[in-house]
Amino acid sequence: MIKSASIIGEIKSSSLKLKNKKDLVLLRSKYLGKKSLLASAMADLAQLKGAQRAKLGRELNSLKESIEAVLASAQTRLEDLENQTQYQPFDISSPGKSLSSESRVGHLHPVSLVLKETYQIFTELGFAIVDSPEIESDWFNFEALNMPATHPAREMQDTFYIKNSNQKFLPRTHTSGMQVRFMLENKPPFKIIVPGKVFRSENEDATHSWSFNQVEGLVVGKGVSMANLKGALLQIVKRQLGKETEIRFRPSYFPYTEPSVELDAKYNGKWLELGGAGMVHPDVLKKGGIDTEQYSGFAFGWGVERIAVIKYNIDDLRQLWRPKIEFLEQF
Ligand code: PHE
């Protein structure tokens, strides 16, 4: 007589104690091997006859299936255990280790800090932040801004072009290329800023780099004036560099603004150039499909790195993009 229920209970509890595959092989031979109870009961079956034999046969078969099921689930458990030791789960929320000291925590790059603040200031003033392509067409970057192919004002920014594009596409030289692009797709009034990287053929020095970030501002509406431009810039610069900061306009020339000015800020007793600005040239508004009888606008553009070096008192703008952790750690 074989007691299936107690055999199954026994093998189940042993199977939970298995530590590895070797233990599993031993357990399998104990319950299914040649010397197992099951094997001898099977052998005894030959001596039985008729209904008795059939009944015991069914019982033994079902016991065998149960044993195999227990062994199979033990095997799966052992394989899972093996995988876990191979691929240790790790806590993605645990703090990272930095290069030289365990306690060092990372932070935003100075340029990102300035940009973050810029977005905050302009959003509070009701400006929308507009995304823009870094590869621009010659038309939007120059032509639409009153700089045809032979215009000398191109020279200042003349630049890299995209190979095989017949000089029709270029890494944009300024974010102003977004002015007409935006006008063509939106109806005034609007107030936007366009942050982004620009690229120029530039002789690098402490205040110039061949690639840097700009923030372009564009406001178009009814009765927008030069006084609005100065008022807005004063507010913005004070928010960004501190309440004591003064600004001044110097006459300048950009083919796409009329009149045009350079924007300087007096910071810590020194006048520093921030960028260019002016009233959007009527021809530019027209190229953007805007009715110049009804609307006028102003635009400005400055370098984000410039603001960062002023704000954080950095003597050479090129340091910002050198991979020197000791330098970046100071901010
Ligand atoms: N695009 C100019 C530059 O890169 C700055 C500028 C923007 C001037 C908008 C006038 C109006 O220097």
Side-chain angles (χ1 to χ4, degrees), residues 92-125 127-136 157 159-160 170-178 192-218 233 235-245 247 263-265 267-268 270 272-277 300-331:
I92 54 162
S93 68
S94 69
K97 283 185 188 161
S98 59
L99 298 178
S100 64
S101 116
E102 297 275 317
S103 62
R104 220 152 62 173
V105 177
H107 61 79
L108 291 177
H109 187 277
V111 168
S112 303
L113 288 171
V114 171
L115 276 172
K116 209 174 144 200
E117 191 180 64
T118 306
Y119 300 157
Q120 179 72 31
I121 296 170
F122 280 101
T123 341
E124 280 172 22
L125 293 173
F127 282 69
I129 303 165
V130 175
D131 207 356
S132 54
E134 282 181 3
I135 302 295
E136 187 52 282
Q157 299 187 354
T159 188
F160 315 102
L170 58 147
R172 62 176 167 197
T173 62
H174 54 180
T175 41
S176 301
M178 197 56 194
I192 60 162
I193 56 164
V194 184
K197 262 190 167 167
V198 301
F199 311 84
R200 292 180 190 178
S201 158
E202 186 89 63
N203 280 326
E204 294 212 332
D205 62 29
T207 54
H208 294 87
S209 160
W210 67 271
S211 167
F212 56 99
N213 288 274
Q214 273 191 336
V215 172
E216 184 89 10
L218 177 67
L233 288 178
Q235 263 198 67
I236 293 154
V237 171
K238 276 179 182 290
R239 284 284 310 275
Q240 194 123 44
L241 293 176
K243 278 207 289 281
E244 324 68 44
T245 319
I247 62 164
L263 167 70
D264 295 342
Y267 186 74
N268 279 344
K270 265 204 318 213
L272 302 153
E273 186 182 317
L274 286 187
F300 55 86
W302 62 58
V304 183
E305 281 80 352
R306 283 256 165 99
I307 307 247
V309 296
I310 295 173
K311 218 177 146 95
Y312 299 111
N313 199 17
I314 297 167
D315 57 2
D316 187 335
L317 164 157
R318 288 168 295 187
Q319 297 210 67
L320 283 168
W321 299 115
R322 285 186 186 137
K324 256 201 138 165
I325 233 140
E326 290 79 9
F327 171 76
L328 293 170
E329 264 195 327
Q330 303 171 80
F331 305 98

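Basis for what follows: all heavy atoms, side chains included, without hydrogens, waters or symmetry-related copies.
Side-chain contact between Val237 and Tyr267: absent, with no pair of heavy atoms (C-beta onward) separated by less than 4.5 Å. Looking at heavy atoms from C-beta onward, Met178 lies in side-chain contact with Pro133 at the 4.5 angstrom threshold. With contacts defined as side-chain heavy-atom distances shorter than 4.5 Å, the pair Leu263/Phe300 does not qualify. Residues Val304 and Thr118 fail the side-chain proximity criterion, which asks for heavy atoms closer than 4.5 Å. A 4.5 Å side-chain heavy-atom check between Ile310 and Leu274 finds at least one atom pair inside the cut-off. Looking at heavy atoms from C-beta onward, Arg306 lies out of side-chain contact with Gln214 at the 4.5 angstrom threshold. At a threshold of 4.5 Å between non-hydrogen side-chain atoms, the residues Thr175 and Val215 do not count as touching.
In this structure, the separation between CG on Leu113 and CG on Leu108 is 5.0 Å, given to the nearest 0.5 Å. To the nearest 0.5 Å, atom CG of residue Leu115 and atom CD1 of residue Ile193 are 8.5 Å apart. Atom CG of Asp315 sits about 11.5 Å away from atom OG1 of Thr207, to the nearest 0.5 Å. The distance from the CH2 atom of Trp302 to the CZ atom of Phe212 is 14.0 Å, given to the nearest 0.5 Å. In this structure, Leu320 CG and His109 NE2 are separated by 5.0 Å, a value rounded to the nearest 0.5 Å. We find the CZ-CD distance between Phe122 and Gln240 to be 7.5 Å, quoted to the nearest 0.5 Å.
In terms of modelled atom types and a separation under 3.5 Å, the side chain of Arg200 and the main chain of Ser209 share no donor-acceptor contact. With Glu117 contributing its side chain and Val114 its backbone, the two residues share no donor-acceptor pair below 3.5 Å. For the pair Glu305 (side chain) and Leu317 (backbone), a donor-acceptor distance under 3.5 Å is absent.
For the side-chain hydrogen bond (donor to acceptor under 3.5 Å, both in side chains) criterion with Ser176, the lone passing option out of Gln157, Glu136, Glu216 is Glu216.
Contact record, Glu124 with Gln120: OE2-NE2, 2.6 Å, taken as the closest heavy-atom pair. Of all non-hydrogen atoms in Ala308 and Ile314, the two that sit nearest each other are O-CD1, 4.2 Å.
Under the rule for a side chain to side chain contact (heavy atoms under 4.5 Å, CB included), the partners of Leu125 that lie at least two apart in sequence or sit in another chain are Ile121, Phe127, Gln235, Ile236. Looking at residues two or more places apart in sequence or on another chain, you find a side chain to side chain contact (heavy atoms under 4.5 Å, CB included) between His107 and Phe331. Legend: residues meeting side chain to side chain contact (heavy atoms under 4.5 Å, CB included) with Asp316, ordered by chain and number and at least two apart, are Ala206, Arg318, Gln319.
Taking the six-membered ring for Trp and thresholds of 30 and 60 degrees, Trp210 and Phe199 have ring planes inclined between 30 and 60 degrees apart.
Annotation: Asp205, atom CG; neighbour count of heavy atoms from other residues, nucleotides and ligands within 6.0 Å is above 12.
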